[in-house]
**Q** 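Dropping a structure here in structure tokens format, bear with me for questions.
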Amino acid sequence: MIYKALISTFFVFGWSAVVSAETSPAPQQAAIAMPDEFSAKVAKQVLLEGGNAVDAAVAAGFVLAVTYPEAGNLGGGGFMTLFNTASAGEPASASFLDYREKAPKAAYKNLYLDQQGEVIPYRSLVGYQASGVPGTVKGFWEAHQKFGSKPWASLLQPAITYAEQGFIVSEHLQKTAEWYRHWIANKSPVELNFNAHFSGLKAGTLFKQTALAKTLKRIALQGEKDFYQGKTATLLVDEMQAHDGLITLQDLADYQAIWRDPIVGEWLGRQIVSAPPPSSGGIAIVQLLKMKALLQPALESALQKAKQTGLPERAVKAHFYAELEKRVYADRAFYLGDSDFVRVPIEVLISDDYLLKRSQSVSLEAITESESMQPGKIESPETTHFSIIDSAGNAVSNTYTLNMPFGSGVVISGAGFLMNDEMDDFSTKPGVANVFGVVGGKANEISPEKRMLSSMSPTLVLKDGEIEMVVGTPGGSTIITSVFQALVNVVEEGMTAQQAVDAPRVHHQLLPKNLIAYNPELSDAVKDELSLMGYQLKKNNYMGDVQLILKQAGQVSAASDVRGRGISEVFTVP
Ligand code: DON
């Protein structure tokens, strides 16, 4: 990938943008970890034809808008974390692109409250007022403008073909669509057109989307202008305004994707590069990793004791993680929001001093009650993810979403794509949880043109100036803890890529009180021990779909979560 200077490389908090001044010999292996077979095929093909990681990401991103309609999207938004190897005299660097949705200009703080000040159920989740201004098309356009090497239109062709000629629907997709159809029934005061467009999602049959194919063709020819100022913009606004939606032509014309400084944290001789606000992910993951490292001696002695008394190691770890997560989600609820609107004390929140103080009250023996958990004191002031490494060592970690699977249930008539329901990620009322059960306060209240707080965490791990890992996942508020556990599984537990993504995960997020969610494979012994300690337990069949690429000692491996329909592959580019 050709490095085009002056991107928003990061100089975040003590870590320099310059990863390595030397150009290492170009490795030949490329790798992909993608959420479905169609995006995997296309990403591989683009890389084999000499495209770079961003080319492959753009092509796959548009394909997923066709073949993974519950989360791949045109009507949503996301984040992309990128790594460019040194080239043409430029040092290696990482960068971050924010193409998160924004609140429409007509949005306001109490948008989803009734006259008594109570939250109107599902208004921020289903239907015409649930959507933020979409960012995906602008995001892919920006990434391609800066780093792409293949013609834009050629990268959209595979998506156009799948939309026009159809693709074979998987059982997984049919089941998700059935679940969603059932879930939205009776949740909107006006009829939604989801069923009219997506009732044909039947496993084993061909599904064609002709209106979407036309939209993709316009975007291929006219670029992002079609979506934000052209025919697609008009179709989108017509649909919204015919049903009391909020998005206007001005909202679309003013939408910008933004290059931001990624969060960078040092951990066990590596740099963790991840998503800054408006995501909470990067800060939260660095907080978890650093507190874990600070408390490692205490953890080890608890593990030793458990061994002597026959307690399962995993139960000790699950409790330990829950204690760290309580502190992190309390900070998230209080401090985090769109940093273009509120001051987020990033430096302090990920500093060693702050985290040392924050971790001092962690007990390996007892549960810290959720009610007593305050944010730390600061003295100064159905998503989908894919990971790609090209044969030159450049990387893209991309997470994007409509929020719920299939978003708001609204399809833009004549344009054939679903709209997001990302407005639910704002704090609709202080202390009232969103669909993922997380609460927020002033920092994440609704404001015109503000971006809603996210947990999406496309993450890179750099070691000795090169990519060691590219990782991310969907899963709402569980994204943070899934990425955290995947990193720990590889770096500290020595697992392979596949073991690391398939290992059962646990999740705690401060509220509901003392609740640990777990993947079904967690053993009964661990569950019994956690119950004895006083935890409530909740089996969660779906807790992420991690896509991970690992490069260690020159060996590349890639893994897609066993729980999803993803495909990963390592291959040589001639
Ligand atoms: O930005 C966020 O954190 C959420 N809107 C992500 C939603 C998500 O991961 C849904 N996937 N299962």
Side-chain angles (χ1 to χ4, degrees), residues 35-36 64 68-73 75-81 98-103 124-126 130-136 139 172-173 175-177 179-180 183 274-285 328-329 332-333 336-338 382-386 397-409 418-428 433-440 444 450-459 471-484 505 507 509 517 519 540-547 561 563-566:
D36 79 357
L64 288 165
Y68 205 109
E70 65 266 52
N73 66 80
F79 302 126
M80 191 182 280
T81 310
D98 169 4
Y99 60 97
R100 177 77 161 163
E101 300 92 325
K102 294 176 82 163
S124 60
L125 262 182
V126 175
S131 299
V133 182
T136 294
H172 190 275
L173 174 54
K175 279 197 180 132
T176 317
W179 170 84
Y180 183 74
W183 186 81
S274 192
S279 177
S280 56
I283 292 174
I285 289 166
V328 165
Y329 281 86
R332 180 191 193 276
L336 295 197
D338 181 350
E382 209 132 291
T383 307
T384 187
H385 175 89
F386 55 79
S397 186
N398 186 87
T399 314
Y400 73 150
T401 188
L402 292 165
N403 194 31
M404 288 292 285
F406 302 106
S408 65
L418 278 155
M419 289 297 288
N420 68 82
D421 58 354
E422 221 72 64
M423 291 296 282
D424 190 64
D425 275 348
F426 278 117
S427 170
T428 48
N434 74 1
V435 72
F436 298 107
V438 282
V439 292
N444 189 32
K450 189 175 175 184
R451 287 167 151 95
M452 52 300 278
L453 185 62
S454 174
S455 299
M456 290 188 290
S457 314
T459 297
V471 61
T473 180
S477 54
T478 67
I479 290 172
I480 291 165
T481 53
S482 290
V483 172
F484 164 66
R505 294 186 283 272
H507 171 77
Q509 58 179 36
N519 283 131
N540 205 338
N541 289 326
Y542 178 82
M543 250 192 337
D545 182 21
V546 179
Q547 306 292 335
D561 204 315
R563 301 157 189 101
R565 59 180 200 258

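Only this structure's heavy atoms are used, side chains among them; waters, hydrogens and symmetry mates stay out. When a ligand or atom number is given, it counts from 1 through the structure's own listing order.
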**Q** Once salt bridge (charged side-chain N to carboxylate O under 4.0 Å, His left out) is applied, do any residues pair with D425, and if so which ones, sequence neighbours excluded?
**A**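 With sequence neighbours excluded, D425 shows a salt bridge (charged side-chain N to carboxylate O under 4.0 Å, His left out) to R100, given in chain and number order.
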**Q** Tell me, please, which residues at least two apart from R563 pass salt bridge (charged side-chain N to carboxylate O under 4.0 Å, His left out).
**A**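 Residues passing salt bridge (charged side-chain N to carboxylate O under 4.0 Å, His left out) with R563: E521, D561.
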**Q** Could you work out, with side chain to side chain donor-acceptor pair (under 3.5 Å) as the rule, every residue matching N444, not counting sequence neighbours?
**A**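 Per chain and number, N444 pairs via side chain to side chain donor-acceptor pair (under 3.5 Å) with no residue.
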**Q** Short N or O contacts of ligand 1 with protein, under 3.5 Å, listed by atom name?
**A**
| unit_1 | atom_1 | unit_2 | atom_2 | d |
| --- | --- | --- | --- | --- |
| ligand 1 | 1 (O) | R100 | NH1 | 2.9 |
| ligand 1 | 1 (O) | R100 | NH2 | 3.3 |
| ligand 1 | 1 (O) | D425 | OD2 | 3.2 |
| ligand 1 | 1 (O) | S454 | OG | 2.7 |
| ligand 1 | 3 (O) | S454 | OG | 3.4 |
| ligand 1 | 3 (O) | S455 | N | 2.7 |
| ligand 1 | 5 (N) | N403 | OD1 | 2.6 |
| ligand 1 | 5 (N) | E422 | OE2 | 2.6 |
| ligand 1 | 5 (N) | D425 | OD2 | 2.6 |
| ligand 1 | 9 (O) | T383 | OG1 | 2.4 |
| ligand 1 | 9 (O) | G475 | N | 2.9 |
| ligand 1 | 9 (O) | G476 | N | 2.7 |
| ligand 1 | 11 (N) | E382 | N | 2.8 |
| ligand 1 | 11 (N) | T383 | N | 3.3 |
| ligand 1 | 11 (N) | T383 | OG1 | 3.3 |
| ligand 1 | 11 (N) | G475 | N | 3.4 |
| ligand 1 | 12 (N) | E382 | N | 3.2 |
| ligand 1 | 12 (N) | G475 | N | 3.4 |

**Q** Is it the case that the side chain of S454 and the backbone of M456 share a donor-acceptor pair, with hydrogens and angles ignored and the cut-off at 3.5 Å?
**A**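 It does hold such a pair.
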**Q** Kindly indicate, with the supporting measurements, whether the criterion salt bridge (Lys or Arg N to Asp or Glu O under 4.0 Å) is fulfilled by K450 and E422.
**A** CA-CA 12 Å; K450 189 175 175 184; E422 221 72 64; over 6 Å; no
**Q** Within 45 degrees of the axis of the six-membered ring of Y68 and under 6.0 Å from its centre: does R565 put its NZ or CZ there?
**A**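 Yes, R565 and Y68 form such a contact.
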